[in-house]
Engineer: 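Just dropping this structure here.
Hydrogens, waters and symmetry mates are skipped; everything else that's a heavy atom, side chains included, is used.
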Amino acid sequence: MDGRHFAFVLEKYMENNRRKLREEKMRLAKKKHAEEKDDPTVILALDIKKIWKSLEEFSIPSDAWRRVEDFALPSAYRTCTKVKGKMILMDSISAAEAAKLSSVFEEFQTVVQYITGAYMDVSTNIAEDPEQTEKYYDKTCPALLNLWSACVRLTVDCIITLKQHWGETDEYMDLSRTISSTCATCVKMVTVIYDVIKLPVPDAQRDAFLECSVDKSTDVCSALSKLLDAAKPNEEGPTDAMMEMITWSLFSLNHVSCFVIKPLLANGHAESNWFKRYSGTLNKMFDKLQSVTDESFTGVDSQARKESPPPPQAESEPEPEVKGEAKGQENKNEADTKGVKKGDVKGKGVAEAQEEEPEPEVPAPQQQTPEVLTTLDQQYAKFSEEVISTGKVTVCLEDPSDQNVRIFYRPEVHKALGKCRFGACDMKDRVQWLEEIDLSPDQRLVSDIYVIKDGILKTATAVEVEVTAVPPQGSASRIIVKVKQGGSWSILEDFDREVLPEHVQISFKTNELEALYAYMEEQSDEEEIVPEGCTFKSPTNPKVFINFPHGAVEEPTKVLVKFVSVENDTDERPTSKDKSSDSIIGILAVSDTVEISAKDPSVDIQKNILVQLTIDGDDSEDGKDTHLVVIRYRGDQVQVMDKSQCHITKVESGVYSVQTRGLWCIAIARIKKIFLNMRDTVKKEFLVMFGKVKLCNICTFIDNTLRDRERGLTTFWIEIIEKVKVPEATSEHAQQNLIEVKSSRSKDLIIRQNETLNIQLDGQIRVIGSPLTDKYTLTYLENTDNHLQVPLEIKRDQDKPPNAVFTFKDSTSGQTCHTVSVPIRDLTELATDEITSRPPTKYHDKSNSGEQLKHRDEAAKNVLSHSSLMCLARAISNTDCKRLGTQMGVPTETMQKLWETCEREATNTNFRILCEWRGKSVRSSMVDFLLNSLRTIGLCSQAAVIEKVSKLGRGILQEDFSS
């Protein structure tokens with residue numbers, strides 16, 4: 001066997017092994033997908049998703065509401081039963097199962113949100129049409145009450161089950177938050193939908209609707225009692241979530257009491273068994289609520305409890321007996337009067353309707369009916385005051401994608417918040433916000449710009465805002481916060497700050513907010529140079545000063561002077577005790593910096609300025625292995641000068657003086673001698689050490705949770721990360737299933753604060769979702785989240801390269817600083833952790849000679865001639881040809897029509913599909929496109945034949961496929 005034949009056999013062997021390995025990985029991936037597809041929890045989440053997806057199809061509000069009544073409400077109720085039955089029968093909950101259950105509750109939340117939104121779209125029509133109002137209270141409202149009761153009971157049972165199987169991982173915490181959020185979503189639905197003062201109940205349905213409301217309130221109250229028994233703050237488990245659920249459940253009970261039960265309550269209702277049962281359930285719940293409020297959270301002593309109004313008959317029998325004492329009658333009448341006044345405040349329509357009734361006002365025969373409802377109102381007010389106001393209960397608005405911000409609010413203001421979201425400004429809007437806040441050179445941003453999105457924050461009751469800032473170590477006291485309210489920016493005078501190891505937590509209360517940010521201001525001192533000469537000394541180091549000699553200026557001149565100390569610099573700066581990091585290799589030590597500038601750019605300094613500076617380190621090697629250099633900078637201009645270019649004088653050990661002409665920022669650095677010939681590197685290191693720029697990498701990730709290989713959907717996560725933080729960031733992202741694309745990391749880039757990179761997309765891809773654009777911007781801010789998500793789908797286009805290409809360019813110079821190119825074939829075939837960025841290919845390379853292009857065009861005409869396409873049509877099955885047509889962009893409808901036209905004959909249909917793709921004209925790029933498409937659908941042997949024929953410059957023959 002000769003060498004060439006051996007190499008050929010070896011290559012075939014390796015190719016066969018690679019193919020088998022690829023097939024095995026695909027088999028395992030399909031097996032995993034099949035297992036998840038058959039998982040009951042995954043199926044349940046998909047079934048719930050179908051409910052809200054069915055509502056998404058309707059654009060007319062009345063049609064959507066009809067769909068809610070006929071399908072969504074009964075389906076949502078059945079879902080509660082299914083989920084509850086599944087969870088309470090679990091022997092254990094693994095972390096993986098907890099993650100799947102979280103998706104179930106998230107989908108259910110979406111269903112409830114769609115139901116609430118559909119009601120808000122038709123609420124005016126319901127109120128104005130008596131027929132719709134009658135139908136609403138006769139059929140829809142009881143179903144909604146049923147859903148509220150079922151949802152509260154479901155979430156209570158599930159959170160108690162979760163507590164029994166609690167684990168200390170993020171999956172369990174996420175599940176507890178999702179359960180609590182589901183409960184809150186259902187309560188918000190109730191408070192939006194139920195208000196008989198705004199939407200009066202027809203007389204014919206008053207009694208039935210009141211009874212239904214009381215029955216469902218009784219069920220919710222029983223579930224709340226069960227939750228109060230289980231909520232033990234000192235135990236491990238989802239304590240925060242349980243307390244939040246207690247808050248929302250109690251709030252919903254009080255809302256239904258104030259806006260449904262009290263306005264509808266009439267003579268004789270209190271004698272009914274359903275109201276007695278409700279009263280007894282409430283009284284039991286009051287005791288448990290008082291215990292949680294006093295013992296667990298607020299620490300109120302017994303004397304304080306005596307001073308607060310006690311719940312009536314708290315220790316009486318389970319079913320309260322009817323009593324008719326005069327005192328109780330008086331309390332009843334007084335409470336009824338208070339209820340009417342509340343109705344007057346909420347809406348005058350009900351009060352006027354009550355005045356027009358012909359029957360005289362009859363005193364209520366029961367003492368406990370109003371007293372129980374009044375006590376409920378008092379208990380909620382007390383709970384709000386003693387528990388929610390202390391911050392022990394987390395009822396908050398937070399952006400799921402940004403854990404650095406939260407707004408704590410009382411449940412009763414949730415309507416004012418509407419659909420508001422609070423978080424960092426979107427990356428696409430960051431440049432606009434930075435232009436609006438317009439920081440001066442002395443101001444340094446230490447937080448992101450946090451904005452209220454999808455609405456406005458303006459509430460009657462103050463909310464508490466909590467954000468995170470990352471100032472330099474030891475400078476938390478110098479943080480300044482600016483807020484935007486009413487369209488204008490102002491400095492926030494009163495706020496609290498909590499200094500933590502890695503950041504500072506800022507919190508304040510407000511009734512209105514549009515945006516905010518935190519910054520620090522390091523003001524330069526304004527000094528005056530006089531013609532007689534003057535000296536300005538550093539306040540922290542007397543050996544550091546600036547001297548302006550006699551005659552430096554002709555008249556008094558104002559300048560700005562700032563002494564920047566080594567102690568205030570970044571962790572990347574080397575000192576005599578701290579050797580160079582991997583990004584600082586040339587500079588061994590650096591002095592303090594003296595920054596001198598003038599407000600008036602026309603200021604002329606006529607003589608040399610003397611600057612004295614101190615620098616640490618051993619100077620015995622200076623001139624041998626090390627050199628002292630002067631670094632001076634002004635704006636973007638940086639100069640590195642050795643002793644031959646400027647006058648450096650040693651005053652004493654570690655103290656040097658420098659003479660310079662003009663107003664510059666001056667520093668001294670000790671560098672390795674070899675770096676005298678690499679001054680650009682010294683400039684870069686100096687800027688990095690003093691925080692003028694950051695050494696960063698552009699990292700590209702793929703979100704594995706959002707990837708769909710079959711449909712060619714991929715979401716890229718592109719992020720600018722400081723070089724020193726890249727290992728930690730990539731590790732954290734991997735835990736979040738964000739997989740870095742191999743070979744996609746950029747070289748070390750010098751990036752300034754507020755610098756913007758333009759990202760251009762190209763290739764056989766298309767952006768999905770919003771915004772539909774192929775141009776993005778990525779603006780860098782220090783110590784913030786600097787990422788961008790780009791959801792893509794494969795879009796076959798033979799005139800574009802078969803890759804997903806991201807080109808990064810500096811927005812100022814327009815120069816390309818980085819490129820990522822991922823073959824689209826890899827996006828459909830390979831596992832996420834195997835996808836690799838490859839050097840971008842020069843598609844339609846203009847550098848090719850005319851002869852080469854002509855040869856390629858002639859070869860393409862031969863390969864894609866009708867006779868060649870007929871040979872290919874015979875070599876593949878109709879199923880494979882349809883897959884090939886789909887891959888190449890031929891519409892499915894067209895292929896079906898050709899199938900019918902050709903009377904279901906496979907070869908002719910295949911030929912017509914291929915001709916439909918080819919069109920009337922042929923280009924050389926179409927051959928490459930055909931080859932990539934064949935390989936993508938697994939027809940590698942046919943692709944190899946066409947590639948061989950193309951190189952020979954002839955057409956395809958039938959025997960090519962049989963050899």
Engineer: Set out, in order, the CA-CA distance, both residues' side-chain angles and the distance that settles ring pair (Phe, Tyr, Trp, His ring centres under 6.0 Å) for Phe806 and Phe716, then state yes or no.
Structural biologist: CA-CA 10 Å; Phe806 301 85; Phe716 284 86; 4.9 Å; yes
Engineer: Does Lys537, at its NZ atom, have more than 12 non-hydrogen atoms belonging to other residues, nucleotides or ligands within less than 6.0 Å?
Structural biologist: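 Counting other residues, nucleotides and ligands, NZ of Lys537 stays at 12 neighbours or fewer.
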Engineer: Do you know the tightest heavy-atom contact between Ile615 and Ala589?
Structural biologist: CD1-O, 3.8 Å
Engineer: Under the ring pair (Phe, Tyr, Trp, His ring centres under 6.0 Å) rule, what do Tyr517 and Trp489 come out as? Steps first, then yes or no, please.
Structural biologist: CA-CA 10 Å; Tyr517 66 93; Trp489 290 95; 5.2 Å; yes
Engineer: Considering the options Ile437, Ile479, Ile480, which one meets the side-chain contact (heavy atoms from CB on, under 4.5 Å) requirement together with Tyr519?
Structural biologist: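 Between Tyr519 and the candidates, side-chain contact (heavy atoms from CB on, under 4.5 Å) is satisfied uniquely by Ile480.
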Engineer: Could you tell me whether Gln606 atom CD has more than 12 heavy atoms of other residues or ligands within 6.0 Å of it?
Structural biologist: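 Yes, because the 6.0 Å sphere around CD of Gln606 holds more than 12 heavy atoms from other groups.
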Engineer: Which distance, rounded to the nearest 0.5 Å, do you find between the CD1 of Ile698 and the CG of Leu757?
Structural biologist: 5.0 Å
Engineer: Can you find a side-chain donor-acceptor pair between Trp664 and Gln639 that sits under 3.5 Å?
Structural biologist: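 Looking only at side-chain atoms, Gln639 and Trp664 do not form any donor-acceptor pair under 3.5 Å.
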Engineer: Within a 6.0 Å radius of atom NZ on Lys482, are there more than 12 heavy atoms belonging to other residues, nucleotides or ligands?
Structural biologist: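 It does: Lys482 NZ has more than 12 such atoms within range.
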Engineer: Quick check: does any side chain N or O of Arg670 sit under 3.5 Å from a backbone N or O of Asp616, one acting as donor and the other as acceptor?
Structural biologist: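 Between the backbone of Asp616 and the side chain of Arg670 there is a qualifying donor-acceptor contact (under 3.5 Å).
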Engineer: Between Asp448 and Tyr450, is there a donor-acceptor pair closer than 3.5 Å when you use the side chain of the first and the backbone of the second?
Structural biologist: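 Side chain of Asp448 to backbone of Tyr450: no pair is present.
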Engineer: Quiz question: by atom type and distance under 3.5 Å, do the side chains of Thr777 and Thr756 form a donor-acceptor pair?
Structural biologist: no
Engineer: With no hydrogens and no angle check, just 3.5 Å: does a side-chain donor-acceptor pair link Glu466 and Gln505?
Structural biologist: yes
Engineer: Does atom CG of Asp454 have more than 12 heavy-atom neighbours, drawn from other residues, nucleotides or ligands, at distances under 6.0 Å?
Structural biologist: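 More than 12 heavy atoms, drawn from other residues, nucleotides or ligands, come within 6.0 Å of this atom.
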Engineer: Mind running side-chain contact (heavy atoms from CB on, under 4.5 Å) on His818 and Arg745 for me, showing each step along the way?
Structural biologist: CA-CA 9 Å; His818 182 48; Arg745 192 177 302 176; over 6 Å; no
Engineer: Indicate whether the side chain of Trp717 and that of Glu719 have a donor and an acceptor atom separated by less than 3.5 Å.
Structural biologist: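 Short answer, yes.
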Engineer: With the side chain counted from C-beta on, respond yes when Leu663 and Ser597 share a heavy-atom pair under 4.5 Å apart, and no when they do not.
Structural biologist: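 No, their side chains stay 4.5 Å or more apart.
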Engineer: Does Leu439 have more than 12 heavy atoms from other residues, nucleotides or ligands lying within 6.0 Å of its CG?
Structural biologist: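 Result for CG/Leu439: enclosed.
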Engineer: Once you round to the nearest 0.5 Å, how far does OH of Tyr776 lie from CD of Gln789?
Structural biologist: 10.5 Å
Engineer: Using every non-hydrogen atom in the two residues, find where Ala469 and Ala518 come nearest and quote the distance to one decimal.
Structural biologist: CB-CB, 4.2 Å
Engineer: Assess the side chains of Asp762 and Thr807: does a donor N or O sit below 3.5 Å from an acceptor N or O?
Structural biologist: no
Engineer: Which heavy atom in Ala667 sits nearest to a heavy atom in Leu613, and how many Å separate them?
Structural biologist: CA-CD1, 3.8 Å
Engineer: To the nearest 0.5 angstrom, please state how far the CD1 atom of Ile449 sits from the NZ atom of Lys484.
Structural biologist: 10.5 Å
Engineer: Under 4.5 Å between any side-chain heavy atoms of Ile546 and Ile596, yes or no?
Structural biologist: yes
Engineer: Assess whether atom NZ of Lys562 is packed by more than 12 heavy atoms of other residues, nucleotides or ligands within 6.0 Å.
Structural biologist: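 Check passes, neighbour count above 12.
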Engineer: Do the ring planes of Tyr633 and Phe686 sit parallel (below 30°), tilted (30 to 60°) or perpendicular (above 60°)?
Structural biologist: tilted
Engineer: Less than 3.5 Å apart, any donor N or O on the side chain of Asn758 or Ser811 sitting next to an acceptor on the other?
Structural biologist: no
Engineer: So does Glu728 have more than 12 non-hydrogen atoms from other groups sitting under 6.0 Å from CD?
Structural biologist: no
Engineer: Output yes when a side-chain donor or acceptor of Asn511 lies under 3.5 Å from a complementary backbone atom of Ala460, and no otherwise.
Structural biologist: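 At least one qualifying donor-acceptor pair exists.
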Engineer: Side chains of Tyr780 and Glu722 only: does a donor on one sit below 3.5 Å from an acceptor on the other?
Structural biologist: yes
Engineer: Using a 4.5 Å cut-off on heavy atoms from C-beta on, say whether the side chain of Val655 contacts that of Lys650.
Structural biologist: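 The answer is no, as the side chains (C-beta and beyond) never meet within the 4.5 Å cut-off.
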Engineer: Main chain of Arg752, side chain of Glu755: is a donor-acceptor contact present, judged purely on distance under 3.5 Å?
Structural biologist: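 Confirmed, Glu755 side chain pairs with Arg752 backbone.
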Engineer: Report yes if the side chains of Ile668 and Ile631 come closer than 4.5 Å at any heavy-atom pair, otherwise no.
Structural biologist: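 They are not in side-chain contact.
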Engineer: Run the salt bridge (Lys or Arg N to Asp or Glu O under 4.0 Å) check on Asp748 and Lys694 step by step: do they pass?
Structural biologist: CA-CA 10 Å; Asp748 294 347; Lys694 287 290 182 180; over 6 Å; no
Engineer: Would a 4.5 Å heavy-atom cut-off, applied to side chains only, mark Ile452 and Ile407 as touching?
Structural biologist: yes
Engineer: Under a 3.5 Å threshold, yes or no: a donor from one side chain and an acceptor from the other, between Gln485 and Thr510?
Structural biologist: yes
Engineer: Tell me, with the steps shown, if Ser538 and Asp592 meet side-chain hydrogen bond (donor to acceptor under 3.5 Å, both in side chains).
Structural biologist: CA-CA 10 Å; Ser538 167; Asp592 292 355; 5.4 Å; no
Engineer: Compare every heavy atom of Ser746 with every heavy atom of Leu749, then report the nearest pair and how far apart it is.
Structural biologist: CD1-OG, 3.8 Å
Engineer: Within the structure provided, determine whether Phe808 and Ile718 are in side-chain contact (heavy-atom separation under 4.5 Å).
Structural biologist: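 Yes. Closest side-chain heavy atoms under 4.5 Å.
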Engineer: Between the main-chain N or O of His550 and the side-chain N or O of Lys607, is there a donor-acceptor pair closer than 3.5 Å?
Structural biologist: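 A pair under 3.5 Å: yes.
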Engineer: What I'd like to find out is whether the side chain of Asn783 reaches to under 4.5 Å of the side chain of Val446, using heavy atoms alone.
Structural biologist: no
Engineer: Provide the closest heavy-atom pair for Arg497 versus Arg478 in the form atom of the first, atom of the second, distance.
Structural biologist: NH1-N, 4.3 Å
Engineer: Glu782 and Gln753: side-chain hydrogen bond (donor to acceptor under 3.5 Å, both in side chains), yes or no, with the steps?
Structural biologist: CA-CA 6 Å; Glu782 184 181 351; Gln753 180 82 330; 5.0 Å; no
Engineer: Is a side-chain donor-acceptor pair under 3.5 Å present for Thr649 with His647?
Structural biologist: yes
Engineer: Among side-chain atoms of Thr459 and Thr461, is any donor-acceptor pair under 3.5 angstrom?
Structural biologist: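 The answer is no; no qualifying pair exists.
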Engineer: Below 4.5 Å, heavy atoms only, C-beta onward: do Ile587 and Val682 meet side chain to side chain?
Structural biologist: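 Yes; the side chains approach each other to less than 4.5 Å.
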